[in-house]
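Here's the structure we're looking at; comments come further down.
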Amino acid sequence: MDGPNDPNALQAVNSQSSLSELDDSDLARLLDRPRLNIERKRSFDERSFSELGLYDNVYSPGGRSGWDTPASSARNSFEPHPMVADAWEALRRSLVYFRGQPVGTIAAYDHASEEVLNYDQVFVRDFVPSALAFLMNGEPDIVKNFLIKTLHIQGWEKRIDRFKLGEGAMPASFKVLHDPNRKTDTVIADFGESAIGRVAPVDSGFWWIILLRAYTKSTGDLSLAETPECQKGMRLILSLCLSEGFDTFPTLLCADGCCMIDRRMGVYGYPIEIQALFFMALRAALSMLKHDTEGNEFMERIVKRLHALSFHMRSYFWLDFQQLNDIYRYKTEEYSHTAVNKFNVIPDSIPDWLFDFMPLRGGYFIGNVSPARMDFRWFALGNCVAILSSLATPEQSAAIMDLIEARWEELVGEMPLKICYPAIESHAWRIVTGCDPKNTRWSYHNGGSWPVLLWLLTAACIKTGRPQIARKAIELAETRLLKDGWPEYYDGKVGRFIGKQARKFQTWSIAGYLVAKMMLEDPSHLGMISLEEDKQMKPVIKRSSSWTC
Ligand code: GLC
């Protein structure tokens with residue numbers, strides 16, 4: 001028996017949940033233990049889960065854990081892989097300097113590619129894995145320089161044609177122009193006014209706040225976050241996303257292409273990637289805002305928004321077998337507060353693939369929820385960030401990992417990790433992407449496989465106590481990444497082909513691999529990028545969660 005009445009099933013989940021449920025006092029107690037050879041300054045939640053003995057508690061869904069990872073390879077994976085040295089060399093080659101100081105990394109260092117486009121720029125989102133790699137390696141200065149440089153750029157007046165952008169907008173990317181004759185360096189930046197499709201990067205500001213916390217956590221240096229400039233930068237970003245409007249939902253309304261998926265892919269509305277980053281940035285800001293008059297006012301708004309946002313996401317974006325079955329049987333056209341089908345989703349809009357894809361055990365946050373529209377596609381970044389930020393409850397986090405294990409072929413295949421699943425094709429591709437030749441089925445954003453996502457998968461695996469999944473994914477990447485020249489993405493149903501228009505020496509593919517390796521080796525690094533569950537936010541889950549199936 002494997003259902004709600006099976007006490008073993010519940011116990012298994014509870015022991016798993018305890019990983020993220022350890023509260024401050026539990027961890028503080030564990031901290032009393034003598035330290036093992038740890039040089040860097042660390043706060044309690046940065047401590048190694050393996051040190052805390054939590055790996056012993058790994059939950060085996062349906063007896064599949066520990067699955068075909070040969071013991072020998074698991075043991076050897078902590079030894080430096082020959083690829084690691086190459087990766088560091090390539091990462092250092094991508095450094096960008098401003099007046100002699102490193103301020104970021106270029107998106108791709110691909111000499112063979114005829115068209116540079118904007119891949120010679122420092123992208124805010126792309127720099128995050130580079131920054132984490134440098135922090136984990138004890139080199140925080142470049143991260144500090146980057147945070148200050150982008151904060152400075154945020155202060156510029158931003159216009160698209162005759163329209164002035166919000167003060168808090170952070171750039172998608174910037175470029176340093178060197179003038180060898182005059183010996184000057186100048187910076188140009190793109191807030192969407194040059195980007196293909198003129199998309200504003202909603203994610204940049206969130207990543208900036210998340211990175212500021214990572215820097216603070218990793219170095220113990222509070223002085224940067226506490227400067228009036230950083231406090232103001234955070235407040236400006238927060239003003240943009242906490243402003244009142246006509247919204248009926250606590251989620252953030254966005255245009256298509258406003259995040260990692262930066263061209264038309266039908267993610268407009270309330271994309272999971274942005275909602276998860278929004279949630280994480282709000283929590284990160286809450287921990288860094290000063291308790292002065294302005295700071296207090298923002299904290300109050302953040303707390304209210306977090307409360308509503310977590311309830312909304314955990315209730316309406318969550319999908320598992322039980323929930324799918326409920327939607328399948330929905331009545332429509334219900335009016336009033338008592339409506340079950342609140343968004344008037346028509347059951348016929350459930351795509352056929354989903355009935356086969358949804359395992360009995362497992363679940364995920366779907367791509368988008370708005371009136372009469374549920375985008376049932378699975379998106380990697382949003383689901384991993386939901387785990388890391390504790391937007392997902394411990395049960396939901398475990399269920400997301402269950403789904404990845406159960407649908408390994410579809411989501412990981414031969415190269416981790418699918419950016420979204422499934423691809424859209426034919427008529428739907430024409431309508432949704434606007435016939436985008438770069439986003440054909442199973443390529444690029446449309447079901448392509450992105451090595452950069454390996455670091456997010458690894459972090460999620462460590463947080464949920466399933467490092468063996470990450471180990472297996474990293475081993476897959478190691479069979480090809482270096483040999484193929486660190487491509488930006490892979491194409492095909494299982495990610496077998498180097499992407500049609502993929503850049504080589506894509507920096508975040510390189511940095512993502514290094515971060516994944518370093519985190520697995522020393523799981524205490526996770527604390528930089530992970531937030532423990534806030535118990536006060538715990539909702540009453542009326543719905544099934546996957547373990548009740
Ligand atoms: C592509 C990706 C985007 C990334 C940029 C630079 O446009 O879609 O997410 O930031 O390349 O690598």
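Counting convention: from 1, in listed order, for ligands and their atoms alike.
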May I have all residue pairs that pass salt bridge (Lys or Arg N to Asp or Glu O under 4.0 Å) and include part of residues 449-462, sequence neighbours excluded?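 Residue pairs passing salt bridge (Lys or Arg N to Asp or Glu O under 4.0 Å), neighbours aside: none found.
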Charged N-O contact under 4.0 Å between R125 and E273: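 Looking at E273 together with R125, the answer is no, because their closest N to O distance does not fall below 4.0 Å.
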Please lay out, stage by stage, how S390 and E533 fare under the test side chain to side chain donor-acceptor pair (under 3.5 Å). CA-CA 5 Å; S390 292; E533 199 188 11; over 6 Å; no
With a 4.0 Å heavy-atom cut-off, what residues sit around ligand 1? A107, Y119, F123, R125, D126, M260, D262, Y444, H445, E488, Q506, W508
Can you name the residues that form a ring pair (Phe, Tyr, Trp, His ring centres under 6.0 Å) with Y490, not counting sequence neighbours?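 By the ring pair (Phe, Tyr, Trp, His ring centres under 6.0 Å) rule, Y490 matches no residue at all.
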Sequence neighbours left out, what passes ring pair (Phe, Tyr, Trp, His ring centres under 6.0 Å) with F497? Give chain and number order.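 Partners of F497 by the ring pair (Phe, Tyr, Trp, His ring centres under 6.0 Å) criterion come out as none, since no residue qualifies.
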Side-chain (D436) to main-chain (K438) donor-acceptor, under 3.5 angstrom: yes
